[in-house]
Structure formats: structure tokens, C-alpha cells
Amino acid sequence: MNEAWFSGWRHVFKLDPDRHISDEALEAVCTSGTDAIIIGGSSGVTFENTVDLMARVRRYALDCALEVSTAEGAVPGFDGYFVPLVLNTGEAEWINGRQTEGLKEYGSFVPWETTAAQGYLILNAEATAAKLTGARTQLTEADVVAHVQMADRLMRLPVVYLEYSGRFGDMQLVKRAKAAAVQARVFYGGGIDGADKARQAAESAHTVVVGNAIYSDLEAALSTVAAVREAAGGTIGSK
Ligand SMILES: CC(C)=CCC/C(C)=C/CC/C(C)=C/CC/C(C)=C/CC/C(C)=C/CC/C(C)=C/CC/C(C)=C/COP(=O)(O)OP(=O)(O)O
Ligand SMILES: O=P(O)(O)OC[C@@H](O)CO
Ligand SMILES: [Mg+2]
């Protein structure tokens, strides 16, 4: 299989178009040594706030991808696009409903070579995304492994995303998910508020995503870049 455009990413910062970030903080984030910026959020995402944030990140020389969470926020000009599908919901709207509606509108414009589906497993019941999508967050290890097999082996999704947004997750479960994935890259995000949790996450997943800490404690957020690098032994993109 060809290497995906995001296969070298070990550390990523996720910026929310619906939240304010100063120019100074944005510069620190974009020059931190992180592999990429993902722009995305589960609420309040519009065309205007997405374009605005993209233009500001574009001043810096690093990959910037959009995680498309609303059709309205589908903005051209990103280096790559992720389209989330929520695997652990019973509501088809979040598995393939909104996505196919979006494709009816924008399908002819999608840059397919740099667009990837993400199989989300949302595991924090308190996360906005869990409430929005009716995610079934109480999953056993067997449930998680079966969802990963479904996404990775049957659906051949290139990304499985273990999402604990707002809370640090169960790293044993994340390790099990990574062990079960054969071709998909396992992203982990949630509650990383400094170097120690970043290192644990880097030892458990392929790609570590840091979001809220950017807004609550920038210095701590920046410290996660080196922690992930060190845990990865300085390597980039190893499966
Ligand atoms: C014009 C052009 C070039 C288009 C290309 C873009 C493209 C590839 C379009 C595809 C077609 C399209 C428009 C599809 C629509 C996609 C869509 C609406 C999908 C639904 C996605 C989805 C399941 C959303 C639910 C929420 C979710 C899982 C969001 C993912 C991101 C996330 C969890 C962020 C964390 O949110 P946050 O707000 O930080 O949460 P906390 O409060 O917990 O911190
Ligand atoms: O905001 P946090 O909790 O760091 O989570 C990161 C990311 O997984 C959110 O989609
Ligand atoms: Mg958030």
C-alpha cells in the first residue's frame, strides 16, 4: 500500500476554529516542531472561522489539514482533509449520513489523493462529540478490538481515531487498538496536558493529538512535542 500523506505524523496540534488563539500563541504552536496542524472542532465550525484560521496557519511552513465536521465548514485550500465516521454510534447520520450528504454537494471538488476517512471511536461520554453523536462510550476491550478490526480490516479505513477529547484515556486500550490495526494508523487524542501524558500516548498510538491544552496551558502543550519525539526515539512515521 502507498504511504499515506499523514504517515509521518507522530505529533499533531488540533486547533478549533470556534476558539480564539492570539498571533503569538499561534506562532509558538506552528514553530514548535510539531508535524502538522489539524483544524477541527465538533461545534461552532463555520466557513468564515475555518478560512480565517487556515489563512493564519498558512503563514508557517507545516502541513495543515482540515477535519471536516460540517458541510458548511468544507473549505478548499488545505494540504489534506479528514472525514470522520463515528464507529461506535447507533445513529447512521454520523456513520455515513452527513458524509454522503456532503459528498452530494462537494464530491466533484474533493482532492481524493489527500483526503482520508477516519474511523472514530469516541470513548469519553462527556466529550461534546460523544453527546452530539450519541456515541456508545462504555466499550470493553473486546468491543474496541472488534471495532478496530471492522475499521482496519473490513472497511480498510486509513485512520482509527481513539477519541477521549477532554479526558486522558486508557492507554492499555489504546495499545490493544494499535496491536489490532494492520494497515490503519491509530490516532490518539484526549486530555494530554503535558510531557508525561504525551509520552504515554506516544508509546501507545502512532499519532498523538493535542488540542485543549493549547488554550488552557500553552507552555505545557508545547512541551508535548519533545516528549513525543523522545518516546518515538526520534523516528518519524514508524508503524
Ligand atoms: C470544498 C472542498 C475542497 C471540500 C473538500 C472537503 C471534503 C473532503 C469534503 C467531503 C464532503 C463533506 C462536506 C462531507 C461532510 C462531512 C461531515 C459533515 C461529516 C460528519 C463528521 C462528524 C461525524 C462529526 C461529528 C463530530 C466529530 C466526530 C468531530 C470530529 C472532530 C472532533 C471530535 C473534534 C473535537 O471537538 P471539540 O469541539 O474540541 O470537542 P471538546 O468540546 O470535547 O473539546
Ligand atoms: O482537546 P484534547 O483533549 O487534547 O483532545 C484532542 C483531540 O483528540 C480532540 O479532538
Ligand atoms: Mg476541544
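Quick caveat, the model's predicted, so the values are computed rather than measured. As the structure lists them, so they are numbered: ligands from 1, and atoms in each ligand from 1.
- Residue-ligand proximity, N212 to ligand 2, at heavy-atom distances under 4.0 Å covers atoms 1 (O), 2 (P), 3 (O), 4 (O).
- Of the heavy atoms in T70, only backbone atoms (N, CA, C, O) come closer than 4.0 Å to ligand 1.
- The contact set between ligand 2 and G189, taken as ligand atoms under 4.0 Å from a residue heavy atom, comprises 5 (O), 8 (O).
- Aromatic rings of F82 and W5 (six-membered ring for Trp) have centroids within the 6.0 Å cut-off, being under it.
- Near G102, meaning under 4.0 Å from any of its heavy atoms, are these atoms of ligand 1: 11 (C), 12 (C), 13 (C), 14 (C).
- Ring geometry for F6 versus F187: interplanar angle over 60°, hence perpendicular rather than tilted (30 to 60°).
- Each of the following atoms of ligand 2 lies closer than 4.0 Å to a heavy atom of E163: 7 (C), 8 (O), 9 (C), 10 (O).
- In the vicinity of D16, heavy-atom distances shorter than 4.0 Å reach the ligand 1 atoms 38 (O), 39 (O).
- Near Y106, the atoms of ligand 1 lying under 4.0 angstrom from a non-hydrogen atom of the residue are 1 (C), 13 (C).
- Under a 4.0 Å criterion applied to the non-hydrogen atoms of F109, ligand 1 contributes the atoms 3 (C).
- Using a 4.0 angstrom heavy-atom cutoff, S69 counts as in contact with ligand 1.
- The distance from ligand 2 to the heavy atoms of S165 drops below 4.0 Å at these ligand atoms: 3 (O), 5 (O), 9 (C).
- Ligand 1 places these atoms under 4.0 Å from at least one heavy atom of Y120: 30 (C), 31 (C), 32 (C), 33 (C).
- Every atom of ligand 2 is numbered from 1 in the order shown, and the set under 4.0 Å from a heavy atom of G211 is 1 (O), 2 (P), 4 (O), 6 (C).
- Contact annotation: for A129 versus ligand 1, heavy atoms closer than 4.0 Å belong to the side chain alone.
- Taking distance alone, with nitrogen or oxygen atoms compared against 3.5 Å, A213 stays at or beyond that limit from ligand 2.
- With hydrogens and angles disregarded, a donor-acceptor distance shorter than 3.5 Å links the side chain of S69 to the backbone of G41.
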Stepwise side-chain contact (heavy atoms from CB on, under 4.5 Å) test for T224 and F13: CA-CA 10 Å; T224 64; F13 279 125; 4.0 Å; yes
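- Listed for the H206 side chain is a donor-acceptor partner under 3.5 Å among the backbone atoms of V186.
- At a 4.0 Å heavy-atom cut-off, ligand 1 does not touch L66 at all.
- When non-hydrogen atoms are compared, ligand 1 lies under 4.0 Å from the side chain of E163 (C-beta onward) but not from its backbone.
- Linking ILVMFWY residues whenever their side-chain heavy atoms come closer than 4.5 Å, directly or via other members, leaves L103 and M155 in distinct clusters.
- Using the six-membered ring where Trp is involved, Y164 and Y188 have ring planes that are tilted, between 30° and 60° apart.
- Interface of T133 with ligand 1, defined as ligand atoms under 4.0 Å from a residue heavy atom, comprises 25 (C).
- Near N212, meaning under 4.0 Å from one of its heavy atoms, ligand 1 places the atoms 44 (O).
- For ligand 2, the atoms lying closer than 4.0 Å to a non-hydrogen atom of G191 are 2 (P), 3 (O), 4 (O).
- Put simply, the side chain of T115 gets close to the backbone of P111: a donor and an acceptor are under 3.5 Å apart.
- For D18, no heavy-atom contact with ligand 1 is shorter than 4.0 Å.
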Intermediate values then yes/no, salt bridge (Lys or Arg N to Asp or Glu O under 4.0 Å), R98 and E101: CA-CA 5 Å; R98 293 203 177 207; E101 282 306 308; over 6 Å; no
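- Ligand 2 has no N or O atom lying under 3.5 Å from any N or O atom of R167, backbone or side chain.
- Heavy atoms of E67 found under 4.0 angstrom from ligand 1 belong exclusively to the side chain.
- Ligand 1 is never approached by G166 to a heavy-atom distance shorter than 4.0 Å.
- Distances shorter than 4.0 angstrom occur between a heavy atom of Y161 and an atom of ligand 2.
- With a 4.0 Å heavy-atom cut-off, ligand 1 is reached by the side chain of T115 but not by its N, CA, C or O.
- For ligand 1, the atoms sitting less than 4.0 Å from at least one non-hydrogen atom of W94 are 22 (C), 23 (C), 24 (C), 25 (C), numbered in the order shown with element in parentheses.
- Backbone and side-chain nitrogen or oxygen atoms of S42 are examined, and one is located within less than 3.5 angstrom of a nitrogen or oxygen of ligand 1.
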